[in-house]
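This report refers to the structure that appears directly beneath it.
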Amino acid sequence: MNVVTRFAPSPTGYLHIGGARTAIFNYLFAKKHSGKYLVRIEDTDKKRSSEKAIKAIHKGLNWLNVNSEHKIVYQSQNFNSHINVAYELLEKGYAYKCYLNSDELDKLRIKSRENGIPIKSPWRNKKKQGDNNNKEFVIRLKMPSDGSTTIDDIVQGKVTVKNDILDDMVILRSDNTPTYMLSSVVDDNDMGITHIIRGDDHFNNAFRQIQIIKYLNWKIPFYAHIPLIHGTDGTKLSKRHGATNLFDYHELGYTSDAMFSYLLQLGWSTKNDADYCIDRATKLFALENVSRSPAKFDLKKLNNINAKKLNTMKISNIYKLVIERFKLSLNDDEHKRFKSLLPELLKRVKVYTELEFEFDWLFQKDFFCKDKNYQLKLQKHNLMLKEIGSRLKDCEWSEENIKNTLNQYIFDKSLKFKDIGPILRMALTGKTNSPDLVSIIYELGCTITVNRLNYEYK
RNA sequence: GGUCCCUUCGUCUAAUGGUUAGGACUCAGCCCUUUCACGGCUGCAAUAGGGGUUCGAAUCCCCUAGGGAUCACCA
(Lines give C-alpha, C1' and ligand atoms only; values in the text may rest on other atoms or scores of the structure.)
Protein backbone atom coordinates (compact mmCIF):
# COMPACT_ATOMS: atom_id res chain seq x y z
CA MET A 1 0.00 0.00 0.00
CA ASN A 2 1.15 3.48 -0.83
CA VAL A 3 0.77 5.32 2.43
CA VAL A 4 -0.49 8.89 2.31
CA THR A 5 -0.87 10.92 5.49
CA ARG A 6 -1.76 14.50 6.13
CA PHE A 7 -1.41 17.09 8.83
CA ALA A 8 -4.46 19.32 8.74
CA PRO A 9 -4.30 22.33 11.03
CA SER A 10 -6.86 25.08 11.07
CA PRO A 11 -5.23 28.48 10.64
CA THR A 12 -6.70 30.21 13.66
CA GLY A 13 -3.47 30.89 15.50
CA TYR A 14 0.05 29.64 16.02
CA LEU A 15 1.18 26.04 15.72
CA HIS A 16 0.27 24.41 19.02
CA ILE A 17 2.71 21.87 20.41
CA GLY A 18 -0.05 19.28 20.32
CA GLY A 19 -0.51 19.96 16.64
CA ALA A 20 3.23 19.82 16.15
CA ARG A 21 3.29 16.37 17.65
CA THR A 22 0.46 15.26 15.38
CA ALA A 23 2.51 16.56 12.46
CA ILE A 24 5.52 14.59 13.63
CA PHE A 25 3.54 11.38 13.85
CA ASN A 26 2.07 11.88 10.39
CA TYR A 27 5.47 12.73 9.00
CA LEU A 28 7.21 9.75 10.54
CA PHE A 29 4.54 7.26 9.61
CA ALA A 30 4.62 8.35 5.99
CA LYS A 31 8.43 8.31 5.85
CA LYS A 32 8.61 4.95 7.56
CA HIS A 33 6.43 3.46 4.84
CA SER A 34 8.03 5.44 2.02
CA GLY A 35 4.76 7.22 1.55
CA LYS A 36 3.60 10.77 1.09
CA TYR A 37 3.13 13.30 3.84
CA LEU A 38 0.84 16.20 2.97
CA VAL A 39 -0.15 19.39 4.69
CA ARG A 40 -3.66 20.75 4.35
CA ILE A 41 -4.80 24.05 5.73
CA GLU A 42 -8.36 23.71 7.03
CA ASP A 43 -9.67 27.17 6.35
CA THR A 44 -13.35 26.46 5.87
CA ASP A 45 -14.24 29.00 8.53
CA LYS A 46 -13.25 32.24 6.87
CA LYS A 47 -14.07 34.32 9.89
CA ARG A 48 -11.53 32.57 12.06
CA SER A 49 -8.83 31.87 9.50
CA SER A 50 -6.01 34.26 8.82
CA GLU A 51 -3.01 34.64 6.58
CA LYS A 52 -0.91 35.36 9.62
CA ALA A 53 -1.85 32.06 11.18
CA ILE A 54 -0.98 30.19 8.01
CA LYS A 55 2.46 31.75 8.07
CA ALA A 56 2.91 30.90 11.72
CA ILE A 57 2.04 27.28 11.08
CA HIS A 58 4.52 27.01 8.25
CA LYS A 59 7.17 28.68 10.31
CA GLY A 60 6.64 26.10 13.03
CA LEU A 61 6.65 23.15 10.66
CA ASN A 62 9.79 24.39 8.96
CA TRP A 63 11.57 24.83 12.21
CA LEU A 64 10.69 21.29 13.29
CA ASN A 65 11.68 19.93 9.88
CA VAL A 66 8.32 18.33 9.32
CA ASN A 67 7.20 20.37 6.37
CA SER A 68 5.77 18.65 3.34
CA GLU A 69 7.69 18.53 0.11
CA HIS A 70 4.38 18.42 -1.72
CA LYS A 71 2.04 21.22 -2.60
CA ILE A 72 0.13 22.63 0.36
CA VAL A 73 -3.60 22.08 0.04
CA TYR A 74 -5.98 24.86 1.02
CA GLN A 75 -9.35 23.49 1.88
CA SER A 76 -11.16 26.66 0.86
CA GLN A 77 -9.98 26.16 -2.70
CA ASN A 78 -11.93 22.92 -2.94
CA PHE A 79 -15.24 24.41 -1.85
CA ASN A 80 -17.01 23.60 -5.11
CA SER A 81 -16.15 19.97 -4.84
CA HIS A 82 -17.42 19.89 -1.25
CA ILE A 83 -20.65 21.62 -2.18
CA ASN A 84 -21.23 19.19 -5.02
CA VAL A 85 -20.85 16.28 -2.65
CA ALA A 86 -23.36 17.84 -0.29
CA TYR A 87 -25.91 18.03 -3.08
CA GLU A 88 -25.07 14.55 -4.25
CA LEU A 89 -25.85 13.32 -0.76
CA LEU A 90 -29.07 15.33 -0.84
CA GLU A 91 -30.15 13.86 -4.15
CA LYS A 92 -29.44 10.34 -3.03
CA GLY A 93 -31.57 10.86 0.04
CA TYR A 94 -28.69 10.64 2.51
CA ALA A 95 -29.09 14.26 3.48
CA TYR A 96 -31.90 16.76 3.83
CA LYS A 97 -32.58 20.44 3.93
CA CYS A 98 -33.26 21.79 7.37
CA TYR A 99 -35.05 25.14 7.72
CA LEU A 100 -34.77 25.50 11.46
CA ASN A 101 -33.93 29.00 12.64
CA SER A 102 -31.54 29.58 15.48
CA ASP A 103 -34.24 29.91 18.14
CA GLU A 104 -35.83 26.65 17.12
CA LEU A 105 -32.44 25.03 17.07
CA ASP A 106 -31.58 26.24 20.55
CA LYS A 107 -34.78 24.74 21.88
CA LEU A 108 -34.06 21.49 20.10
CA ARG A 109 -30.55 21.42 21.48
CA ILE A 110 -31.68 21.89 25.07
CA LYS A 111 -34.28 19.20 24.68
CA SER A 112 -31.80 16.82 23.10
CA ARG A 113 -29.37 17.33 25.88
CA GLU A 114 -32.00 16.78 28.54
CA ASN A 115 -33.07 13.53 26.98
CA GLY A 116 -29.56 12.45 26.09
CA ILE A 117 -30.40 12.07 22.44
CA PRO A 118 -28.59 13.54 19.45
CA ILE A 119 -29.95 16.41 17.40
CA LYS A 120 -32.24 15.30 14.62
CA SER A 121 -34.16 18.00 12.90
CA PRO A 122 -37.91 17.57 12.38
CA TRP A 123 -37.18 18.26 8.72
CA ARG A 124 -35.47 14.89 8.51
CA ASN A 125 -38.74 13.10 7.90
CA LYS A 126 -40.66 15.70 5.92
CA LYS A 127 -41.58 14.19 2.63
CA LYS A 128 -42.16 17.48 0.89
CA GLN A 129 -40.04 20.51 1.45
CA GLY A 130 -43.13 22.69 0.99
CA ASP A 131 -43.02 26.29 0.00
CA ASN A 132 -39.70 27.12 1.52
CA ASN A 133 -37.85 28.27 -1.51
CA ASN A 134 -37.01 31.64 -0.11
CA LYS A 135 -36.10 30.49 3.33
CA GLU A 136 -32.56 29.88 4.46
CA PHE A 137 -31.63 26.29 5.00
CA VAL A 138 -28.69 24.08 5.93
CA ILE A 139 -28.06 20.60 4.66
CA ARG A 140 -27.84 17.93 7.32
CA LEU A 141 -26.61 14.40 6.94
CA LYS A 142 -29.24 11.78 7.61
CA MET A 143 -27.53 9.48 10.07
CA PRO A 144 -28.52 5.83 10.10
CA SER A 145 -30.99 5.30 12.92
CA ASP A 146 -30.26 1.69 13.71
CA GLY A 147 -27.28 -0.61 13.81
CA SER A 148 -23.84 0.38 15.00
CA THR A 149 -20.52 1.55 13.67
CA THR A 150 -17.18 0.02 14.53
CA ILE A 151 -13.84 1.61 13.98
CA ASP A 152 -10.70 -0.43 14.37
CA ASP A 153 -8.44 2.41 15.37
CA ILE A 154 -4.72 1.68 15.19
CA VAL A 155 -4.10 3.41 18.50
CA GLN A 156 -7.43 3.17 20.32
CA GLY A 157 -8.32 -0.34 19.27
CA LYS A 158 -11.71 -1.60 18.19
CA VAL A 159 -14.47 0.75 19.32
CA THR A 160 -18.16 0.37 18.59
CA VAL A 161 -20.80 3.04 18.85
CA LYS A 162 -24.56 2.76 18.36
CA ASN A 163 -25.72 4.72 15.35
CA ASP A 164 -28.67 6.26 17.14
CA ILE A 165 -26.35 8.45 19.19
CA LEU A 166 -25.08 10.11 16.03
CA ASP A 167 -26.53 13.56 15.32
CA ASP A 168 -27.63 14.80 11.94
CA MET A 169 -24.67 17.08 11.53
CA VAL A 170 -24.66 20.09 9.27
CA ILE A 171 -22.59 19.53 6.16
CA LEU A 172 -23.51 22.69 4.28
CA ARG A 173 -24.13 25.99 5.99
CA SER A 174 -26.93 28.38 5.15
CA ASP A 175 -24.42 30.59 3.33
CA ASN A 176 -23.71 27.64 1.05
CA THR A 177 -20.25 26.95 2.53
CA PRO A 178 -19.28 23.44 3.57
CA THR A 179 -18.46 22.59 7.16
CA TYR A 180 -15.27 20.95 8.34
CA MET A 181 -17.17 17.68 8.78
CA LEU A 182 -17.81 17.50 5.07
CA SER A 183 -14.73 19.20 3.67
CA SER A 184 -12.36 17.10 5.65
CA VAL A 185 -13.88 13.86 4.40
CA VAL A 186 -14.04 14.99 0.80
CA ASP A 187 -10.50 16.29 0.77
CA ASP A 188 -9.14 13.18 2.45
CA ASN A 189 -10.76 11.16 -0.27
CA ASP A 190 -9.58 13.42 -3.09
CA MET A 191 -6.06 13.47 -1.72
CA GLY A 192 -6.00 9.70 -1.37
CA ILE A 193 -5.27 9.78 2.33
CA THR A 194 -4.79 6.23 3.55
CA HIS A 195 -4.10 6.91 7.22
CA ILE A 196 -5.76 9.61 9.26
CA ILE A 197 -3.54 10.36 12.21
CA ARG A 198 -4.99 13.09 14.38
CA GLY A 199 -5.76 14.09 17.93
CA ASP A 200 -7.99 12.08 20.17
CA ASP A 201 -10.42 14.98 20.27
CA HIS A 202 -11.53 13.95 16.78
CA PHE A 203 -12.37 10.41 17.73
CA ASN A 204 -16.09 11.10 18.11
CA ASN A 205 -16.05 12.83 14.75
CA ALA A 206 -14.73 9.73 13.07
CA PHE A 207 -17.98 7.89 13.72
CA ARG A 208 -19.94 10.70 12.16
CA GLN A 209 -17.64 11.31 9.21
CA ILE A 210 -17.41 7.66 8.32
CA GLN A 211 -21.12 7.70 7.48
CA ILE A 212 -20.45 10.07 4.59
CA ILE A 213 -17.78 7.74 3.30
CA LYS A 214 -20.14 4.80 3.49
CA TYR A 215 -23.00 6.61 1.74
CA LEU A 216 -20.66 7.51 -1.10
CA ASN A 217 -19.03 4.10 -1.25
CA TRP A 218 -15.60 5.59 -0.81
CA LYS A 219 -12.70 3.75 0.65
CA ILE A 220 -12.56 3.94 4.42
CA PRO A 221 -9.13 5.08 5.59
CA PHE A 222 -7.25 3.71 8.57
CA TYR A 223 -7.62 5.80 11.68
CA ALA A 224 -5.13 6.49 14.42
CA HIS A 225 -6.34 8.82 17.13
CA ILE A 226 -3.46 9.87 19.31
CA PRO A 227 -3.97 11.06 22.87
CA LEU A 228 -3.78 14.73 23.70
CA ILE A 229 -0.96 16.37 25.61
CA HIS A 230 -1.89 17.42 29.12
CA GLY A 231 -0.48 19.96 31.53
CA THR A 232 1.11 18.97 34.81
CA ASP A 233 -2.27 18.99 36.53
CA GLY A 234 -3.75 16.52 34.08
CA THR A 235 -6.01 18.92 32.25
CA LYS A 236 -5.73 19.83 28.61
CA LEU A 237 -2.56 21.77 27.96
CA SER A 238 -3.22 25.49 28.00
CA LYS A 239 -1.33 28.71 28.41
CA ARG A 240 -1.37 28.61 32.17
CA HIS A 241 0.85 25.54 31.98
CA GLY A 242 3.45 27.51 30.04
CA ALA A 243 4.07 28.10 26.38
CA THR A 244 1.80 26.15 24.06
CA ASN A 245 3.08 27.81 20.92
CA LEU A 246 5.72 25.58 19.41
CA PHE A 247 7.71 28.51 18.15
CA ASP A 248 7.94 30.01 21.63
CA TYR A 249 10.32 27.20 22.41
CA HIS A 250 12.52 28.38 19.60
CA GLU A 251 12.50 31.83 21.14
CA LEU A 252 13.37 30.35 24.51
CA GLY A 253 16.44 28.73 23.02
CA TYR A 254 15.40 25.13 22.59
CA THR A 255 16.69 23.37 19.53
CA SER A 256 14.27 21.88 17.08
CA ASP A 257 16.00 18.51 17.42
CA ALA A 258 15.27 18.46 21.13
CA MET A 259 11.71 19.56 20.61
CA PHE A 260 11.21 16.89 18.01
CA SER A 261 12.67 14.21 20.21
CA TYR A 262 10.70 15.24 23.25
CA LEU A 263 7.36 15.63 21.52
CA LEU A 264 7.84 12.25 19.93
CA GLN A 265 8.52 10.60 23.26
CA LEU A 266 5.34 12.05 24.67
CA GLY A 267 3.14 9.06 24.03
CA TRP A 268 5.46 7.01 21.91
CA SER A 269 8.43 4.90 22.82
CA THR A 270 10.35 1.84 21.92
CA LYS A 271 11.75 -0.52 24.49
CA ASN A 272 14.96 1.33 25.03
CA ASP A 273 14.42 4.91 25.93
CA ALA A 274 16.67 6.92 23.68
CA ASP A 275 17.31 10.32 22.32
CA TYR A 276 15.61 10.14 18.98
CA CYS A 277 16.87 12.06 16.05
CA ILE A 278 14.66 12.34 13.01
CA ASP A 279 16.46 9.65 11.01
CA ARG A 280 16.48 7.14 13.81
CA ALA A 281 12.85 7.83 14.61
CA THR A 282 11.91 7.30 10.98
CA LYS A 283 13.32 3.80 11.13
CA LEU A 284 11.75 2.86 14.45
CA PHE A 285 8.38 4.56 14.35
CA ALA A 286 5.24 2.47 14.60
CA LEU A 287 1.74 3.63 15.41
CA GLU A 288 1.16 0.46 17.36
CA ASN A 289 3.56 1.73 19.99
CA VAL A 290 1.67 4.93 20.58
CA SER A 291 0.23 5.06 24.05
CA ARG A 292 -3.51 5.33 24.56
CA SER A 293 -3.29 7.51 27.62
CA PRO A 294 -2.53 11.21 27.54
CA ALA A 295 0.93 12.38 28.58
CA LYS A 296 1.79 15.36 30.70
CA PHE A 297 4.13 17.97 29.34
CA ASP A 298 7.24 18.02 31.51
CA LEU A 299 9.59 20.94 31.04
CA LYS A 300 12.33 19.30 33.12
CA LYS A 301 12.55 16.39 30.76
CA LEU A 302 12.59 18.74 27.79
CA ASN A 303 15.41 20.67 29.44
CA ASN A 304 17.35 17.50 29.92
CA ILE A 305 16.92 16.42 26.32
CA ASN A 306 17.80 19.86 25.08
CA ALA A 307 20.93 20.00 27.22
CA LYS A 308 22.02 16.65 25.83
CA LYS A 309 21.34 17.77 22.27
CA LEU A 310 23.39 20.92 22.81
CA ASN A 311 26.34 18.80 23.73
CA THR A 312 26.07 16.43 20.80
CA MET A 313 25.28 18.92 18.07
CA LYS A 314 28.03 20.21 15.84
CA ILE A 315 29.62 23.19 17.52
CA SER A 316 29.57 25.19 14.32
CA ASN A 317 25.78 24.83 14.18
CA ILE A 318 25.24 26.07 17.70
CA TYR A 319 27.77 28.80 17.14
CA LYS A 320 25.75 29.99 14.18
CA LEU A 321 22.54 29.83 16.19
CA VAL A 322 23.97 31.94 19.00
CA ILE A 323 25.59 34.50 16.74
CA GLU A 324 22.30 35.00 14.93
CA ARG A 325 20.22 35.13 18.05
CA PHE A 326 22.32 37.71 19.82
CA LYS A 327 23.43 39.50 16.69
CA LEU A 328 27.05 39.27 17.74
CA SER A 329 29.70 40.72 15.55
CA LEU A 330 33.00 39.28 16.60
CA ASN A 331 36.51 39.89 15.42
CA ASP A 332 38.79 36.97 14.63
CA ASP A 333 40.16 36.73 18.14
CA GLU A 334 36.76 36.76 19.72
CA HIS A 335 35.45 34.33 17.19
CA LYS A 336 38.19 31.88 18.02
CA ARG A 337 37.81 32.45 21.75
CA PHE A 338 34.09 31.84 21.67
CA LYS A 339 34.30 28.75 19.56
CA SER A 340 36.97 27.22 21.78
CA LEU A 341 35.11 27.90 24.98
CA LEU A 342 31.67 27.07 23.63
CA PRO A 343 31.73 23.32 24.36
CA GLU A 344 32.58 24.00 28.00
CA LEU A 345 29.98 26.73 28.27
CA LEU A 346 27.32 24.47 26.79
CA LYS A 347 27.74 21.93 29.57
CA ARG A 348 26.37 24.54 31.93
CA VAL A 349 23.14 25.52 30.19
CA LYS A 350 19.81 23.91 29.40
CA VAL A 351 18.99 26.27 26.54
CA TYR A 352 21.50 28.13 24.45
CA THR A 353 19.96 31.52 25.21
CA GLU A 354 21.38 31.19 28.72
CA LEU A 355 24.77 31.73 27.10
CA GLU A 356 23.89 35.40 27.11
CA PHE A 357 25.27 35.68 30.62
CA GLU A 358 28.73 34.76 29.36
CA PHE A 359 29.01 37.46 26.76
CA ASP A 360 29.97 40.28 29.06
CA TRP A 361 33.11 38.76 30.45
CA LEU A 362 33.97 36.97 27.26
CA PHE A 363 33.92 39.94 24.90
CA GLN A 364 33.64 43.17 26.85
CA LYS A 365 36.59 45.39 26.05
CA ASP A 366 37.20 47.10 29.38
CA PHE A 367 35.80 44.40 31.53
CA PHE A 368 35.80 44.60 35.31
CA CYS A 369 33.84 42.80 38.01
CA LYS A 370 30.58 44.61 38.74
CA ASP A 371 29.48 42.84 41.90
CA LYS A 372 30.10 45.06 44.94
CA ASN A 373 30.81 42.18 47.32
CA TYR A 374 33.23 40.58 44.91
CA GLN A 375 34.90 43.93 44.40
CA LEU A 376 35.76 44.10 48.09
CA LYS A 377 37.47 40.76 47.86
CA LEU A 378 39.33 41.72 44.72
CA GLN A 379 40.47 44.90 46.39
CA LYS A 380 41.92 42.87 49.23
CA HIS A 381 43.87 40.70 46.84
CA ASN A 382 44.99 43.42 44.50
CA LEU A 383 48.62 42.62 45.05
CA MET A 384 48.23 38.92 44.48
CA LEU A 385 46.40 39.50 41.21
CA LYS A 386 49.07 41.85 40.00
CA GLU A 387 51.81 39.41 40.90
CA ILE A 388 50.10 36.63 39.01
CA GLY A 389 49.53 39.01 36.14
CA SER A 390 53.13 39.91 35.84
CA ARG A 391 54.20 36.27 35.95
CA LEU A 392 51.72 35.40 33.22
CA LYS A 393 53.04 38.27 31.17
CA ASP A 394 56.42 36.60 31.01
CA CYS A 395 54.98 33.21 30.26
CA GLU A 396 55.14 31.66 26.85
CA TRP A 397 51.45 31.33 25.97
CA SER A 398 50.28 27.74 26.22
CA GLU A 399 47.85 26.02 28.52
CA GLU A 400 50.66 23.94 29.92
CA ASN A 401 52.78 26.97 30.74
CA ILE A 402 49.87 28.89 32.23
CA LYS A 403 49.14 25.99 34.49
CA ASN A 404 52.76 25.73 35.53
CA THR A 405 52.94 29.45 36.18
CA LEU A 406 49.95 29.33 38.49
CA ASN A 407 51.25 26.27 40.27
CA GLN A 408 54.66 27.84 40.68
CA TYR A 409 53.03 30.91 42.20
CA ILE A 410 51.10 28.98 44.82
CA PHE A 411 54.16 26.92 45.58
CA ASP A 412 56.28 30.02 46.10
CA LYS A 413 53.67 31.60 48.34
CA SER A 414 52.82 28.36 50.17
CA LEU A 415 49.23 28.64 49.05
CA LYS A 416 46.70 26.17 47.76
CA PHE A 417 44.94 26.53 44.44
CA LYS A 418 41.70 27.37 46.13
CA ASP A 419 43.38 30.37 47.69
CA ILE A 420 43.86 31.97 44.30
CA GLY A 421 41.23 30.25 42.14
CA PRO A 422 38.07 32.05 43.24
CA ILE A 423 39.80 35.45 43.21
CA LEU A 424 41.20 34.92 39.75
CA ARG A 425 37.81 33.80 38.54
CA MET A 426 36.11 36.92 39.87
CA ALA A 427 38.70 39.17 38.32
CA LEU A 428 38.48 37.47 34.94
CA THR A 429 34.79 36.63 34.69
CA GLY A 430 33.06 38.56 37.44
CA LYS A 431 31.55 35.31 38.63
CA THR A 432 32.16 32.61 41.18
CA ASN A 433 31.89 29.81 38.72
CA SER A 434 33.01 29.27 35.19
CA PRO A 435 34.87 26.78 33.04
CA ASP A 436 38.39 25.76 33.92
CA LEU A 437 40.56 28.78 34.78
CA VAL A 438 43.54 27.70 32.75
CA SER A 439 41.55 27.42 29.56
CA ILE A 440 39.87 30.75 30.25
CA ILE A 441 43.18 32.48 30.71
CA TYR A 442 44.54 30.82 27.63
CA GLU A 443 41.57 31.82 25.47
CA LEU A 444 41.35 35.34 26.85
CA GLY A 445 44.96 35.80 25.84
CA CYS A 446 47.83 37.44 27.62
CA THR A 447 46.92 41.10 27.14
CA ILE A 448 43.31 40.85 28.23
CA THR A 449 44.13 38.60 31.16
CA VAL A 450 46.82 40.88 32.48
CA ASN A 451 44.63 43.96 32.03
CA ARG A 452 41.85 42.38 34.03
CA LEU A 453 44.22 41.30 36.76
CA ASN A 454 45.63 44.82 36.96
CA TYR A 455 42.29 46.55 37.26
CA GLU A 456 42.21 48.81 40.29
CA TYR A 457 39.17 48.06 42.44
CA LYS A 458 38.44 50.71 45.03
C1' G B 1 -25.98 14.52 32.00
C1' G B 2 -25.38 11.12 27.17
C1' U B 3 -21.46 8.76 24.36
C1' C B 4 -16.37 7.34 23.98
C1' C B 5 -11.40 6.89 25.93
C1' C B 6 -7.74 6.56 29.81
C1' U B 7 -5.38 4.93 34.92
C1' U B 8 2.44 1.19 36.37
C1' C B 9 7.46 5.47 40.77
C1' G B 10 6.24 12.96 41.18
C1' U B 11 6.86 12.83 35.31
C1' C B 12 7.70 9.95 30.44
C1' U B 13 7.49 4.92 30.02
C1' A B 14 9.12 -0.99 29.80
C1' A B 15 7.30 -5.57 31.15
C1' U B 16 1.44 -8.68 25.53
C1' G B 17 -0.27 -14.93 32.60
C1' G B 18 5.43 -16.72 35.80
C1' U B 19 10.74 -10.46 36.49
C1' U B 20 13.74 -9.06 43.23
C1' A B 21 7.98 -4.80 38.41
C1' G B 22 13.16 -2.50 34.38
C1' G B 23 14.90 2.25 32.26
C1' A B 24 14.93 7.69 31.64
C1' C B 25 13.88 12.63 33.89
C1' U B 26 13.41 14.97 38.71
C1' C B 27 15.17 14.73 43.80
C1' A B 28 18.98 13.09 47.65
C1' G B 29 23.87 11.24 48.71
C1' C B 30 28.82 9.90 47.22
C1' C B 31 33.09 9.99 43.74
C1' C B 32 35.84 13.11 40.26
C1' U B 33 37.52 18.30 40.96
C1' U B 34 40.52 25.05 41.20
C1' U B 35 34.56 26.81 41.23
C1' C B 36 30.01 25.75 38.52
C1' A B 37 28.80 22.13 35.33
C1' C B 38 29.70 17.52 32.71
C1' G B 39 30.62 12.49 33.79
C1' G B 40 30.48 8.01 37.06
C1' C B 41 28.22 5.34 41.15
C1' U B 42 24.34 4.61 44.87
C1' G B 43 19.65 5.59 46.79
C1' C B 44 14.24 7.29 47.41
C1' A B 45 9.93 6.12 44.70
C1' A B 46 4.71 2.79 41.15
C1' U B 47 0.84 -1.53 39.16
C1' A B 48 -6.00 3.73 41.67
C1' G B 49 -9.55 0.61 45.00
C1' G B 50 -12.55 -3.83 45.34
C1' G B 51 -14.19 -8.40 43.50
C1' G B 52 -13.60 -12.57 40.30
C1' U B 53 -11.01 -16.29 36.44
C1' U B 54 -6.29 -19.02 37.16
C1' C B 55 -1.52 -23.27 40.20
C1' G B 56 -0.08 -18.19 39.20
C1' A B 57 -2.70 -11.44 37.34
C1' A B 58 0.32 -4.98 36.24
C1' U B 59 -1.36 -8.20 32.25
C1' C B 60 -8.00 -11.42 31.21
C1' C B 61 -13.39 -10.25 33.11
C1' C B 62 -16.80 -7.27 36.31
C1' C B 63 -17.80 -3.20 39.67
C1' U B 64 -16.28 1.42 41.99
C1' A B 65 -13.41 5.80 42.09
C1' G B 66 -10.65 9.45 39.58
C1' G B 67 -9.17 11.88 35.05
C1' G B 68 -9.87 13.26 29.93
C1' A B 69 -12.40 14.02 25.11
C1' U B 70 -16.86 15.20 22.75
C1' C B 71 -22.03 16.61 22.42
C1' A B 72 -21.86 24.23 17.09
C1' C B 73 -24.30 26.71 10.63
C1' C B 74 -15.69 25.83 15.16
C1' A B 75 -12.13 22.82 13.41
Side-chain angles (χ1 to χ4, degrees), chain A residues 8-12 42-45 47-49 75 98 100 102 105-106 109 112-119 136-140 151 153 155-157 159-162 164-167 169-181 183-184 198-208 225 227-228 230 232-236 262 265-275 289 291-305 307-308 311 343-349 403 406 410 416-422 424-426 429 431-438:
Chain A
S10 60
T12 53
E42 309 238 311
D43 52 353
T44 50
D45 186 352
K47 282 168 245 154
R48 304 203 320 156
S49 303
Q75 195 149 61
C98 166
L100 252 31
S102 62
L105 198 57
D106 283 345
R109 193 173 294 130
S112 296
R113 186 118 186 193
E114 275 172 2
N115 300 328
I117 52 163
I119 289 182
E136 278 199 340
F137 65 88
V138 297
I139 295 182
R140 289 181 182 274
I151 290 179
D153 190 278
V155 172
Q156 303 293 329
V159 179
T160 301
V161 149
K162 287 206 179 94
D164 59 16
I165 65 125
L166 269 19
D167 68 321
M169 63 189 184
V170 173
I171 55 175
L172 198 74
R173 300 188 186 99
S174 53
D175 64 358
N176 205 42
T177 59
T179 62
Y180 157 80
M181 284 296 178
S183 297
S184 175
R198 73 217 311 193
D200 211 358
D201 50 337
H202 283 288
F203 198 37
N204 292 298
N205 290 337
F207 292 91
R208 308 203 282 164
H225 287 93
L228 269 20
H230 282 181
T232 42
D233 58 357
T235 60
K236 196 163 128 183
Y262 178 63
Q265 284 172 67
L266 228 44
W268 178 78
S269 72
T270 55
K271 281 175 192 170
N272 41 351
D273 186 299
D275 205 4
N289 295 336
S291 165
R292 284 212 271 219
S293 56
K296 292 174 184 165
F297 191 84
D298 181 14
L299 202 63
K300 284 183 174 161
K301 180 95 173 196
L302 209 211
N303 282 337
N304 178 271
I305 290 175
K308 278 185 180 153
N311 288 288
E344 276 304 310
L345 259 16
L346 284 173
K347 286 180 186 166
R348 291 158 175 79
V349 298
K403 193 171 187 175
L406 295 179
I410 58 177
K416 298 219 161 108
F417 202 97
K418 61 180 168 191
D419 296 323
I420 65 164
L424 278 173
R425 185 166 283 112
M426 284 174 201
T429 70
K431 298 143 99 67
T432 53
N433 48 57
S434 78
D436 171 58
L437 268 174
V438 173

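Just so it is clear: chains get the letters A, B, ... in the order the sequence lines come, proteins before strands, and each one is counted from 1.
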Any side-chain heavy-atom pair of A/L437 and A/F417 under 4.5 Å: yes

A/M426 and A/K431, any side-chain heavy atoms less than 4.5 Å apart: no

Base-pairing mate for B/A69 - Watson-Crick or G-U, with both contacts under 3.5 Å: B/U3

Could I get a table of every N or O pair under 3.5 Å where one atom is in the protein and the other is in nucleotides 43-47 of chain B?
none

Nucleotide nearest A/K296 (side chain, heavy atoms from C-beta), chosen from B/U70, B/U35, B/U11: B/U11

Any strand: nucleotide that pairs with B/A57 via Watson-Crick or wobble, under 3.5 Å: none

Side chain of A/D298 - closest among B/U13, B/U11, B/A75: B/U11

A/S293 side chain, from C-beta outward: closest of B/C25, B/C4, B/C6: B/C6

Set of side-chain hydrogen bond (donor to acceptor under 3.5 Å, both in side chains) partners for A/S102, sequence neighbours left out: none

Residue list, side-chain hydrogen bond (donor to acceptor under 3.5 Å, both in side chains) with A/R292, at least two apart or on another chain: none

Non-neighbouring partners of A/S183 that pass side-chain hydrogen bond (donor to acceptor under 3.5 Å, both in side chains), sequence neighbours left out: A/H82

Residues forming a side-chain hydrogen bond (donor to acceptor under 3.5 Å, both in side chains) with A/R140, sequence neighbours excluded: none

For nucleotides 38-40 of chain B, which of its nitrogen or oxygen atoms have a protein nitrogen or oxygen under 3.5 Å away, and what is each distance?
none

Touch class at under 4.0 angstrom, heavy-atom based, for A/G421 against every strand present: nothing

Any-strand Watson-Crick or G-U partner of B/U19, both distances under 3.5 Å: none

